There are 2 protein chains.
Amino acid sequence: MLNERSLSVSQECAECPIRHRAVCARCESDELERLEEIKYYRKFEAGQTVIWSGDRMDFVGSVVSGIATLTQTMEDGRTQMVGLLLPSDFVGRPGRSNAAYDVVATTDLVMCCFRKSPFEELMRQTPHIAQRLLEMTLDELDAAREWMLVLGRKTAREKIASLLSIIARRDASINMTTAHGNIVFDLPLTREAMADYLGLTLETVSRQISALRKDGVIELEGKRHVTVPDMSRLLEEAGDDADGGVFA
Amino acid sequence: MLNERSLSVSQECAECPIRHRAVCARCESDELERLEEIKYYRKFEAGQTVIWSGDRMDFVGSVVSGIATLTQTMEDGRTQMVGLLLPSDFVGRPGRSNAAYDVVATTDLVMCCFRKSPFEELMRQTPHIAQRLLEMTLDELDAAREWMLVLGRKTAREKIASLLSIIARRDASINMTTAHGNIVFDLPLTREAMADYLGLTLETVSRQISALRKDGVIELEGKRHVTVPDMSRLLEEAGDDADGGVFA
DNA sequence: CGGTAATTTGAAGAATGTCAAATCAGGTGG
DNA sequence: CCACCTGATTTGACATTCTTCAAATTACCG
């Protein structure tokens with residue numbers, strides 16, 4: 001199932017776009033050299049499954065570019081997204097041999113992979129990797145808990161506004177695509193993927209996006225390109241405090 | 001607000017009931033001695049708030065006995081539980097100075113606390129603590145993701161069945177209170193707390209519990225004492241695979 | 001034996017899901 | 001370059017689930 005092509009070019013960690021944010025962020029140059037020995041790149045096309053829940057997983061790795069999702073599926077087919085993986089995010093769990101979730105590339109995706117057992121060995125020896133992984137895992141746990149509030153207590157409209165805020169915020173921390181105060185970004189998810197993220201149906205997602213557009217909270221060009229004229233308004237719609245953060 | 005009483009008796013780590021499961025599980029005896037120097041016990045009564053979200057938090061610690069909850073609250077009062085803390089669970093985040101969630105004791109509670117900055121210093125020096133904390137955080141993240149599926153995709157009945165399964169499982173790993181194949185346990189949560197856990201109203205919780213009782217999935221003595229005659233039936237009602245696990 | 005909080009139950013309403021059909025967008029082959 | 005095809009998205013009508021508000025009941029505590 002994994003018919004990705006190997007990259008012919010090998011890349012230097014020093015020039016890596018996620019060098020200072022990924023699991024290797026804290027590594028010294030000698031530690032980086034050892035990581036470089038066990039790393040390899042893998043490329044996936046949009047729509048491809050990186051790994052199926054339950055499958056043996058002999059690597060861990062970082063998203064270098066593109067977006068992937070982590071999802072759980074019930075026997076009857078209901079699915080819930082439980083993670084949205086952006087560049088620098090970590091995939092896999094050291095010490096676990098089988099994947100716990102489906103990982104799917106939603107855009108073209110490049111991953112920097114490490115063979116699992118050498119990586120685990122390296123973790124034992126270099127505290128910087130484990131330290132950084134702990135930090136990242138704690139951040140993910142906080143994000144998961146924020147998400148739980150969204151899933152459990154917010155209305156459909158608030159859920160959509162929350163998701164848009166999150167994407168805008170994450171996007172801004174990378175691209176800062178803001179023309180004269182406006183926040184502008186592309187939705188990296190289909191309506192169905194948004195529904196799986198938010199615990200809604202795709203029809204409800206569509207209706208609420210239309211409603212937010214009609215009420216002037218967002219503007220749309222095509223189905224995916226979003227402009228937010230007033231970020232604090234969006235945050236208000238999300239049910240969050242309308243102050244603080246990147247967009248004061 | 002924190003009118004807990006200090007414990008007059010200091011306890012030995014060696015005899016601690018959570019010695020082999022808490023954040024200190026991997027520590028050697030010399031490491032334990034250093035932890036012992038910075039630890040102190042705190043006791044809370046049922047209903048007391050351990051810490052408010054946003055408050056300065058100058059300690060981290062472990063639940064020794066009793067149960068606490070982690071909750072988020074929106075401005076208009078809607079609340080969502082995001083963590084259920086049982087004995088050996090860790091409270092607080094190294095490197096963070098203010099609490100991100102409300103922590104409330106739902107039963108009488110004993111915590112083993114460490115002053116934060118000495119603990120952080122110790123973490124830097126002894127990899128065993130950080131290693132164990134990473135492991136525990138990864139487990140919590142998995143639990144949070146399971147919970148996200150419950151919140152996002154399960155029906156009210158499935159949510160209740162899921163919660164009962166989780167409590168039964170956690171209880172069993174400690175007490176194994178099973179008379180002739182039956183699983184028996186006490187609900188440590190009020191209907192309202194269950195509602196906050198599951199993203200429901202307390203009325204819906206009450207109705208679904210009654211329905212499960214009527215259908216013979218569970219039996220109740222009083223409001224809190226639960227008997228599960230057939231665990232696989234309960235798991236089926238939860239929408240999970242009805243096999244595997246502790247109760248095969 | 002009251003009093004209070006927790007829980008249950010009922011009736012009605014609102015939000016979201018379901019099913020079906022129409023529309024739109026992008027890519028393809030002619 | 002255009003008509004067509006396919007999948008994504010939107011829209012509509014209706015069904016269902018869950019919440020809301022209100023009141024009755026139960027359990028526990030002093």
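Quantities reported herein were computed from a predicted structural model and do not represent experimental measurements. To find a chain, count down the sequence lines: A is the first, B the second, and so on, and within it residues start at 1.
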Legend entry - Any donor-acceptor N/O pair under 3.5 Å between D:dT20 base and B:R207 side chain: yes
Inset, instruction - With heavy atoms under 4.0 Å as the rule, sort B:G199 into base, sugar-phosphate or nothing. - result: sugar-phosphate
Inset, instruction - Give the nucleotide from the list C:dT9, D:dT9, D:dC18 with an atom nearest to the side chain of B:S210. - result: C:dT9
Inset, instruction - When you get a sec, tell me which of C:dT8, D:dT19, C:dT16 is the closest nucleotide to the side chain of B:T204? - result: D:dT19
Inset, instruction - Find out whether A:V50 and A:L109 are in side-chain contact, i.e. whether some heavy atom of one side chain is under 4.5 Å from a heavy atom of the other. - result: yes
Inset, instruction - Cation-pi check, B:R169 to B:F185: give yes when NZ or CZ is under 6.0 Å from the six-membered ring centre and within 45° of the ring axis, no otherwise. - result: no
Legend entry - Residue met sooner reading DNA chain C from 5', once A:K223 and A:T201 are mapped to nucleotides: A:T201
Legend entry - Value in whole Å for how far the P atom of D:dT20 lies from CD of B:E192: 13 Å
Inset, instruction - For A:R157, answer base if it contacts any base atom (sugar-phosphate contacts may also be present), sugar-phosphate if it contacts only those atoms, and nothing otherwise; contact means non-hydrogen atoms under 4.0 Å. - result: nothing
Inset, instruction - Write down the distance between CD1 (B:I209) and C1' (C:dT8), rounded to a whole number of angstrom. - result: 11 Å
Inset, instruction - Considering non-hydrogen atoms only, spot the tightest contact between A:R170 and A:D89 and give its length. - result: NH1-OD2, 3.6 Å
Inset, instruction - Write down the distance between CG (B:L200) and P (C:dT7), rounded to a whole number of angstrom. - result: 15 Å
Legend entry - Protein-nucleotide distance (B:M194, atom CE; C:dT8, atom C1'), rounded to Å: 13 Å
Inset, instruction - Respond yes when some side-chain nitrogen or oxygen of A:R224 is under 4.0 Å from OP1 or OP2 of D:dA8, and no when none is. - result: no
Inset, instruction - Rounding to 10 degrees, work out the angle separating the end axes of the helix from C:dC1-D:dG30 to C:dG30-D:dC1 (five pairs an end). - result: 40°
Inset, instruction - Give the rounded distance in Å between these two atoms: CG of B:L202 and P of C:dT9. - result: 13 Å
Legend entry - Spacing of B:H225 atom NE2 relative to C:dT7 atom P, expressed in whole Å: 16 Å
Inset, instruction - Could you check whether A:S206 gets within reach of a base, just the sugar-phosphate, or nothing at all, counting any heavy atom under 4.0 Å? - result: base
Inset, instruction - With sequence neighbours left out, write down each residue that passes salt bridge (charged side-chain N to carboxylate O under 4.0 Å, His left out) with B:R191, or none if nothing qualifies. - result: none
Legend entry - Rounded distance (Å) that lies between atom C1' of D:dC18 and atom CD of B:E158: 14 Å
Inset, instruction - Go through the N and O atoms of the side chain of B:R213 and the base of C:dT7, and report whether any donor-acceptor pair is under 3.5 Å. - result: no
Legend entry - Side-chain heavy atoms of B:P188 within contact of B:I167, under 4.5 Å: yes
Legend entry - Beyond-backbone contact of B:W52 with B:T73, side-chain heavy atoms, under 4.5 angstrom: no
Donor-acceptor pairs under 3.5 Å, side chain of residues 213-229 of chain B to any protein atom, not counting sequence neighbours: which ones?
from, atom 1, to, atom 2, distance (Å)
B:D215, OD2, B:R157, NH2, 2.2
B:R224, NH1, B:L187, O, 3.2
B:H225, ND1, B:D186, OD1, 2.8

Legend entry - Exercise: identify the closest heavy-atom pair between A:M111 and A:F59: CE-CE1, 4.4 Å
Inset, instruction - Using atom CG of A:L198 as one end and atom C1' of C:dA15 as the other, report the distance to the nearest whole Å. - result: 16 Å
Inset, instruction - Record whether the side chain of A:E203 comes under 3.5 Å of the base of C:dC19 through a donor-acceptor pair of N or O atoms. - result: yes
